[in-house]
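Worksheet: one structure, shown below.
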Amino acid sequence: MYYSSIIIAFILVFILSAVGTAVLNIIFRFLGKRGYLGNLYPNVRGGTPRAIGVIPFLILSFFMIPGANSLILIIGIFALIDDIIGRKKCEPLGIEWGQLSRGIGILLVIIAGIIEGYWISAIFIAFMVQPMNISDMQPGSTCIVTMIMCIVTVILMLIVGSPMVGELPAVYTPLLIFVVCLGYCPLDFSGKIMLGEVGNHTFGVALGLAFYYVGGLWSVILLGIITTALIAFVRRNNLRVFFRQKLRILNPTFGDYFMDVLTGGGLGDLCRKWILKDKQYVVKNPILISLGFRRLLYNPHAAHPKAYTPRKQIPSLAKGG
């Protein structure tokens with residue numbers, strides 16, 4: 001009876017995720033084509049609803065175990081604000097309002113996590129927002145990473161014998177995330193909808209919590225690293241183009257891809273601005289290059305950025321180039 005109730009709950013969650021995603025897609029398209037949604041209907045592929053990840057956010061907020069759902073609720077609310085506001089500048093602070101909202105959300109997740117008893121692990125749980133945010137830059141990438149890592153987490157839980165979490169088995173959390181993502185993902189894989197910050201941030205913190213239930217701090221760190229590497233692998237072709245066109249690094253290593261996922265994006269570049277100011281360091285040591293230090297130290301805010309390769313020497317990115 002106990003496990004039958006969990007299975008019934010998962011069936012309900014799948015239906016809610018699949019139907020909710022489809023319905024919200026229709027509503028957002030109707031409103032977006034009439035100009036009512038602003039940043040939630042960007043001109044991508046002729047118009048694509050953004051922040052459909054609010055469906056996984058709401059479901060996980062209700063069905064995650066007590067204590068964990070409060071962390072999901074916090075990050076989801078601030079990520080949704082990020083989606084709605086977009087890239088508008090907060091002039092007094094010199095950053096974007098979306099970045100500020102995301103940063104506040106991460107800090108509150110850390111504080112709430114410490115209060116809930118996750119202690120230092122709360123920092124790494126909250127930091128899962130970063131790689132999952134980078135993963136969500138091509139259709140389906142966040143979903144495939146989320147589902148793969150849920151399966152890996154379940155297997156590890158069974159191997160190490162993870163204890164009960166409250167009144168539920170530890171595997172409940174990764175299986176719940178998997179089912180929610182499974183219901184949501186068909187339209188995302190086809191490029192018809194976008195998770196938005198609310199979606200990828202929600203899956204990031206949810207995965208961090210699932211990782212914690214494997215074995216505490218060590219499992220959050222280990223599985224967080226594996227997730228980052230998996231995202232780098234999934235996005236390697238897109239990242240290769242990005243490195244060649246934008247950073248002028250013609251021979252990126254897997255370490256560069258890994259470092260981009262770990263430290264890239266708006267918040268990462270903002271930290272580089274604060275730390276490196278207007279300096280740009282060129283890394284030439286082969287070991288550091290293989291570890292991704294070219295990407296780590298690439299400062300887009302440098303006053304006179306130094307290129308690894310002059311623009312005129314960049315070969316065509318076409319096949320065979």
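- Put simply, the side chain of Tyr213 never gets that close to the backbone of Met157: no donor and acceptor are under 3.5 Å apart.
- Under a hydrophobic-cluster definition in which Ile, Leu, Val, Met, Phe, Trp and Tyr are linked whenever side-chain heavy atoms come within less than 4.5 Å, directly or via other members, Leu176 and Val145 are assigned to the same cluster.
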Handout entry: Residue pair Leu207, Cys150: steps toward the side-chain contact (heavy atoms from CB on, under 4.5 Å) verdict
Key = CA-CA 7 Å; Leu207 278 178; Cys150 284; 3.9 Å; yes
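- Panel note: side chain Asn69, backbone Gly67; a donor-acceptor pair is recorded below 3.5 Å.
- A heavy-atom distance below 4.5 Å is found between the side chains of Leu156 and Leu223.
- Side-chain atoms of Glu197 never come within 3.5 Å of backbone atoms of Asp83 as a donor-acceptor pair (strictly under, hydrogens ignored).
- At least one donor-acceptor pair under 3.5 Å links the side chain of Thr142 to the backbone N or O of Asp136.
- No hydrogens or angles considered: nothing links the side chains of Ser290 and Thr253 as a donor-acceptor pair under 3.5 Å.
- Cluster membership check: Leu107 does not share its hydrophobic cluster with Met128, using side-chain heavy-atom separations under 4.5 Å among Ile, Leu, Val, Met, Phe, Trp and Tyr.
- Residues Phe254 and Ala229 share a closest heavy-atom pair of CZ-O, 3.4 Å.
- Residues Met132 and Thr146 are in side-chain contact: their nearest non-hydrogen atoms beyond the backbone lie under 4.5 Å apart.
- Shown here for Trp119 and Ile114, the closest heavy-atom pair between the two residues is O-CG1, 3.7 Å.
- Contact of the Leu209 side chain with the Ile72 side chain is registered, since non-hydrogen atoms from C-beta on lie closer than 4.5 Å.
- Here Ile74 contributes atom CD1 and Ile110 contributes atom CD1; the two are 11.0 Å apart, rounded to the nearest 0.5 Å.
- Remark: the backbone N or O of Gly216 is paired with a side-chain donor or acceptor of Ser219 at under 3.5 angstrom.
- By the 6.0 Å contact criterion, CD1 on Ile120 is open, its count of non-hydrogen atoms from other residues, nucleotides or ligands being 12 or less.
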Problem - Verdict with supporting geometry, Asn238 and Met137, side-chain contact (heavy atoms from CB on, under 4.5 Å) - result: CA-CA 9 Å; Asn238 297 72; Met137 293 186 179; over 6 Å; no
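- Every residue meeting the ring-ring contact (aromatic ring centres under 6.0 Å, His included) condition with Phe243, not counting sequence neighbours, appears here in chain and number order: Tyr257.
- Contact annotation: the side chain of Asp260 approaches that of Phe242 to within less than 4.5 Å [non-hydrogen atoms, C-beta and beyond].
- Rounding to the nearest 0.5 Å places CD1 of Ile75 at 11.5 Å from OG of Ser61.
- No continuous path of ILVMFWY side-chain contacts below 4.5 Å connects Val44 to Phe28, so the two sit in separate hydrophobic clusters.
- Tested against Val13 for a side chain to side chain contact (heavy atoms under 4.5 Å, CB included), the candidates Ile177, Leu182, Val179 yield a single pass: Val179.
- Taking the six-membered ring where the residue is Trp, the centroids of Tyr172 and Phe10 are separated by under 6.0 Å.
- Of the possible polar contacts, none joining the Arg240 side chain to the Asn237 backbone as a donor-acceptor pair under 3.5 Å is found.
- Ala79 and His201 make their closest contact through CB-CD2, 3.6 Å (heavy atoms, listed as atom of the first residue, atom of the second, distance).
- Proximity of a side-chain donor or acceptor of Thr173 to a complementary backbone N or O of Ala210 within less than 3.5 Å is not detected.
- Looking at heavy atoms from C-beta onward, Phe211 lies in side-chain contact with Thr227 at the 4.5 angstrom threshold.
- Nearest heavy-atom pair, Ile77 versus Phe57, reported as atom, atom and distance to 0.1 Å: N-CZ, 3.9 Å.
- For the atom pair CD1 (Ile151) and CE (Met149), the distance works out to 10.5 Å, reported to the nearest 0.5 Å.
- Put simply, the side chain of Tyr41 reaches to within 4.5 Å of the side chain of Pro49, judged on heavy atoms.
- No side-chain heavy atom of Leu37 sits under 4.5 Å from any side-chain heavy atom of Arg50.
- Atom CD of Glu116 sits about 7.0 Å away from atom CG of Leu71, to the nearest 0.5 Å.
- Between Thr21 and Leu187, some side-chain heavy-atom pair lies under the 4.5 Å cut-off.
- For Asn251, the side chain to side chain donor-acceptor pair (under 3.5 Å) criterion is met by Arg294, not counting sequence neighbours.
- In terms of heavy atoms, Tyr298 sits closest to Lys246 at OH-O, 3.8 Å.
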Exercise for the section: Test Phe78 against Val109 for side-chain contact (heavy atoms from CB on, under 4.5 Å), laying out the working first. Expected result: CA-CA 10 Å; Phe78 283 90; Val109 167; over 6 Å; no
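- Among the candidates Leu291, Ile225, Ile231, the single residue satisfying the side chain to side chain contact (heavy atoms under 4.5 Å, CB included) test with Phe258 is Ile225.
- At a threshold of 4.5 Å between side-chain heavy atoms, the hydrophobic network of Ile, Leu, Val, Met, Phe, Trp and Tyr places Leu31 and Ile26 in two separate groups.
- The environment of OH in Tyr36 is sparse: at most 12 heavy-atom neighbours from other residues, nucleotides or ligands sit within 6.0 Å.
- More than 12 heavy atoms of other residues, nucleotides or ligands sit less than 6.0 Å from atom CH2 of Trp218.
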Problem - CA sep, side-chain torsions, deciding dist, call: Arg235, Val261, side-chain contact (heavy atoms from CB on, under 4.5 Å) - result: CA-CA 9 Å; Arg235 298 203 63 240; Val261 175; 5.7 Å; no
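- Using modelled atom types, one side-chain atom of Asn299 and one backbone atom of Lys279 make a donor-acceptor pair closer than 3.5 Å.
- Rounding to the nearest 0.5 Å places OG of Ser135 at 9.5 Å from CG of Leu230.
- Between the side chain of Asn39 and the main chain of Ile85, a donor-acceptor pair closer than 3.5 Å is present.
- Counting all heavy atoms, side chain and backbone alike, Pro56 lies closest to Phe203 at CB-CZ, 3.7 Å.
- Both Val165 and Met64 are assigned to one and the same hydrophobic cluster, defined by single-linkage of ILVMFWY side chains at heavy-atom distances under 4.5 Å.
- Under a 3.5 Å cut-off, the side chain of Arg295 and the backbone N or O of Leu247 do not form any donor-acceptor pair.
- Distance OG/Ser17 to CG/Leu12: 11.0 Å, rounded to 0.5 Å.
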